[in-house]
Amino acid sequence: MYRNGGDEFIAIIDGDKTEANIRNLASFIHRRFAQPWRLKRGEVFCNVSIGVARYPEDGRTAEELLLKADQAMYKVKKAGGKGVLFGYEL
């Protein structure tokens, strides 16, 4: 995982991952971020929007995959966030 800029992070998952496995991981991430982050002066809640691109369905190069995942993530954000969208669902 690495920080892509601002509040965007990228995770590369190797191997034959099913859509169900990826949705379970996204659900885990959403549950974790639904809990408040406790700070000295209160609590902060974070909203997570997840865009998923899969090789080779959504692209064959890193650039194509990043673009497809980015498009999916921004569609989730535009719909209010706190969701997951696969590239094929665009």
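Throughout, residue positions are numbered sequentially from 1 according to the sequence presented.
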Exercise. Taking atom CZ of Phe28 as the centre, does the number of heavy atoms from other residues, nucleotides or ligands within less than 6.0 Å exceed 12?
Worked result: no

Exercise. Where do Ile22 and Phe86 come nearest, in terms of heavy atoms and distance?
Worked result: CG2-CZ, 3.6 Å

Problem set entry | Closest non-hydrogen atom pair between Ile50 and Ala26, with its separation | CD1-CB, 3.7 Å

For this session: Output the distance between atom CD (Glu89) and atom CG (Asp58), rounded to the nearest 0.5 Å.
Result: 10.0 Å

For this session: Only counting residues at least two apart or in another chain, list the ones meeting side-chain hydrogen bond (donor to acceptor under 3.5 Å, both in side chains) with Arg41.
Result: none

Seminar exercise, completed: Closest heavy-atom pair, Ala72 versus Gly51, reported as atoms and distance to 0.1 Å, is CB-CA, 3.7 Å

Exercise. Is there a donor-acceptor contact under 3.5 Å from the side chain of Gln35 to the main chain of Arg32?
Worked result: no

For this session: Can you see which heavy atom on Ser49 is nearest to which on Gly81, and at what distance?
Result: OG-CA, 3.3 Å

Exercise. Can you tell me how far the CG atom of Asp70 sits from the CD atom of Glu63, to the nearest 0.5 Å?
Worked result: 13.0 Å

Problem set entry | Whether Arg54 side chain and Lys17 backbone form a donor-acceptor pair below 3.5 Å | yes

Exercise. Can you tell me how far the CD1 atom of Ile29 sits from the CZ atom of Phe9, to the nearest 0.5 Å?
Worked result: 11.5 Å

Problem set entry | Donor-acceptor side-chain pairing of Asn24 and Ser27 below 3.5 angstrom | no

For this session: Indicate yes or no for a side-chain donor-acceptor contact from Asn47 to the backbone of Lys82 under 3.5 Å, with no hydrogens or angles considered.
Result: yes

For this session: Output the distance between atom CD1 (Ile13) and atom CG (Asn21), rounded to the nearest 0.5 Å.
Result: 9.0 Å

For this session: Give me the other members of the hydrophobic cluster that Leu90 sits in, counting Ile, Leu, Val, Met, Phe, Trp and Tyr linked by side-chain heavy atoms under 4.5 Å, directly or via other members.
Result: Val76, Leu85

Exercise. Do Glu64 and Arg60 have side-chain heavy atoms sitting under 4.5 Å apart?
Worked result: yes

Exercise. So how far is it from Leu66 CG to Ile12 CD1, rounded to the nearest 0.5 Å?
Worked result: 7.5 Å

Problem set entry | Side-chain ion pair, Glu19 and Arg23, N-O less than 4.0 Å | yes

Problem set entry | Spatial distance of atom NE2 (His30) from atom CZ (Phe33) [nearest 0.5 Å] | 9.5 Å

For this session: Indicate if Val48 and Leu25 have the same hydrophobic cluster label, given that clusters are the connected sets of ILVMFWY residues with side-chain heavy-atom separations under 4.5 angstrom.
Result: yes

